[in-house]
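These notes concern the structure reproduced below.
One-based numbering, in listed order, for ligands and for the atoms of each. Along the sequence shown, the residues carry numbers beginning at 1.
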Amino acid sequence: MSALKWFWGFLKKYRLLLCVGLLMTTAISVLSIVNPYVSGMIVDDVIAGGQLSLLPKLIITLILVTLVRGLLRFFYQVVFETCSQGVLFDMRDQVFRKLLSEDYSFYGKKKTGDLMSRQTGDMEAIRHFVALIIYCVYENVLLFIFALVMIFTVNTKLALVMLLVLPFTALTTWRQSKSVGPTFARIRDRFSSLNAFVQENVSGNRVVKAFAKEDYEIEKFNKENDAYRDAQLASSRVWMKYLPIFEVLSYLLNVVLMLYGGYMVIRGEITLGNLVTVNGYLWMLTVPLRMAGWWVNDIHRFLTSVEKIYATYIEEPKVKTPCTPVEHKRMEGNVEFKHVTYTADDEQILKDISFTAKKGQTIGILGSTGSGKSTVMNLLCRFMDTASGEVLVDGVNVKDLDLYDLRDNIGMAMQDIFLFSDTIEGNIAYGRPNCSFEEIHDAAVMADANHFIQKLPDGYDTIVGERGVGLSGGQKQRISLARALLKKPSILILDDTTSAVDMETESYIQEQLKKLGGNCTVFVIAYRISSIKDADQILVMDDGRIIERGTHAELLSQNGYYASAFHHQYGEIPAPAACME
Ligand code: ATP
Ligand code: MG
């Protein structure tokens, strides 16, 4: 499907309304013929012919036609504006839904600012086209044709002379349209890039400040700004080059009419009234000629924007719910990885990962940074797919499950915490917006967040800034934990969730997590041995592999990576087990 066909899919819904609008536009164009014709009659029949009795009728006709045209113009503008807002509403909605269905790899490649400009600047170009350009072009084409027909009925010779200008206008319009197209594509690219840059600087403002890089960023911004301005100027230059030609061509018609029409009046080939009538039709010829370039611009802008939005829209997520998913709404929480490998950009991130987690068990995952711990959990949530091997939940491959069901059963406190600019209550209740306040409160108590939330000026109603600005790292972690706990999931994933809380808080949270009993399989990713020492099974990862596995005591006796991490964290105590067990 082409971008235009896709766009037509949205416009189609409003085709009846559009037809009504176009009918009104046609009526206006037809009515435009009347006034010049009546003016000619006033000159010939009333002024020159002395038929004064005709004057009141003619004047009433002039007034009535003007009033009806005004009314119609008001209504058809409302019609086209309604259509444009409708098209935009549907398109924004569909594009947003698609954006939400895109997977990790899509967001890994795209810049936020770029995606934002699809939903703002590009959508506006489409609105402008539907609300204005469709009827403008249609009305002016009609006006042009009607005016020509009327001039032909007045005098064929005069009409033919005036037609001589047409081929030059058509040629100029064609040449301008060829030059202006690429400049619009460039403007849209530069705009997206500028948007992306500003977005990154606003989001990363704290880093910019911390490194005192304001001057550096301003310099980079100026380059983006320059590039955008240059793209706009390049487009204006095309316009500036062709505008005078369109102006000259349209004024040429005035000159032709005055010289040749005047000459015909003197020779008695046409009446003065005929000249007044043709003069009245002249604007119907010159306006379309003068505006042709503008419309070519706007149509190009519209085409570029539709193509850009469509190109983003058609990117299909690789991770999708299968056509006939296995029905499994409430999961038990048995997890199994069978010889799983994961590859990204030709690099093998995970190699032959196999483990089993039974319902209700706690699995600790420890390992050096970049060893693949978060990737294992991302595969469990099916944020991406394995290159080989299987990830099974309750014996069913996650690829065969409905994505919504799978993720609905998993509560995840992510390593990269994201809080919405909403109240604390809203953030905790994100996964279950209809739950009672008691449940939110209980989840906050379990995550040891209730304590500090109550001390905030507005308690649970405190609005946290974008991404949780205004809260400390540990506070954000606890809100994120409460959010995951509130879901009452079958599988709970805590990725580095207690790294920023003190030991006392951590042990309190561990005690609380024990209350989950056997209903929830918990994965705890941590660097601190204290976070995972009580787990039923501990997996130690390095360079994408599981290098050790077992309980705390078993791993200590293996004297490998885990034991060495233990000694680093607790000192070279001869009998570490005595301290920890
Ligand atoms: P940390 O303890 O620092 O959180 P981790 O063990 O969670 O590390 P992962 O986030 O799983 O590590 O990343 C494992 C490796 O995979 C890293 O080397 C990372 O650079 C790489 N990686 C992760 N995601 C991608 C991706 N989308 N494309 C390419 N490489 C990736
Ligand atoms: Mg990680």
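Not one N/O/S atom of Thr369, from backbone or side chain, sits under 2.8 Å from the Mg ion (ligand 2). Residue Gln415: an N/O/S atom is found under 2.8 Å from the Mg ion (ligand 2).
Listed by number with element, the atoms of ligand 1 under 4.0 Å from a non-hydrogen atom of Ser371 are 6 (O), 12 (O). Ligand-side atoms of ligand 1 in range of Thr375: 9 (P), 11 (O), 13 (O), 14 (C), range being under 4.0 angstrom from any heavy atom. Residue Ser374 has at least one heavy-atom neighbour below 4.0 Å for each of these atoms of ligand 1: 4 (O), 5 (P), 7 (O), 10 (O), 11 (O). Taking every non-hydrogen atom of Gln415 and a distance limit under 4.0 Å, the qualifying atoms of ligand 1 come out as 1 (P), 4 (O).
Under the 4.0 Å distance rule, the nearest protein heavy atom to atom 20 (O) of ligand 1 falls outside the cut-off. Shown here, atom 12 (O) of ligand 1 is in close reach of the protein: a heavy atom of it lies under 4.0 Å off.
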Checking ring pair (Phe, Tyr, Trp, His ring centres under 6.0 Å) for the pair Phe420/Phe418: CA distance, chi angles, key distance, verdict?
CA-CA 7 Å; Phe420 294 93; Phe418 188 95; 5.1 Å; yes
Determine, stepwise, if the pair Glu504 / Tyr508 fulfils side-chain hydrogen bond (donor to acceptor under 3.5 Å, both in side chains).
CA-CA 6 Å; Glu504 205 179 319; Tyr508 170 84; over 6 Å; no
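Of the protein's heavy atoms, Thr369 OG1, 2.6 Å lies nearest to atom 3 (O) of ligand 1. With hydrogens left out, the protein atom closest to atom 31 (C) of ligand 1 is Ile349 CD1, 3.9 Å, a heavy atom. Scanning all protein heavy atoms for the shortest distance to atom 28 (N) of ligand 1 gives Ala344 CB, 3.6 Å. Nearest protein heavy-atom neighbour of atom 18 (O) of ligand 1: Gly370 O, 3.8 Å. At the top of the distance list for atom 1 (P) of ligand 1, counting protein heavy atoms only, stands Tyr527 OH, 3.4 Å.
The shell of residues lying under 4.0 angstrom from ligand 1, judged by heavy atoms, excludes Gly108. Distances shorter than 4.0 angstrom do not occur between any heavy atom of Tyr104 and any atom of ligand 1.
Under 4.0 Å is where a charged nitrogen must lie from a carboxylate oxygen, and between Arg188 and Asp122 at least one such pair does.
Defined by atom type and a distance below 3.5 Å, a donor-acceptor pair is present between the side-chain atoms of Tyr228 and Gln232. Counted by atom type alone, Gln199 and Ser203 present one or more donor-acceptor pairs between their side chains at under 3.5 Å. Using modelled atom types and a 3.5 Å distance limit, the side chains of Asn427 and Tyr460 yield no donor-acceptor pair.
Partner of Tyr310 under the ring-ring contact (aromatic ring centres under 6.0 Å, His included) criterion, out of Phe7, Trp6, Phe10, Trp8: Trp6 alone.
Note that the CE atom of Met414 and the CD1 atom of Ile493 stand 8.5 Å from one another [nearest 0.5 Å].
Environment of NZ in Lys109: crowded, with over 12 heavy atoms of neighbouring residues, nucleotides or ligands closer than 6.0 Å.
Looking at every heavy atom in both residues, Glu316 comes nearest to Glu102 through C-OE1, 4.0 Å.
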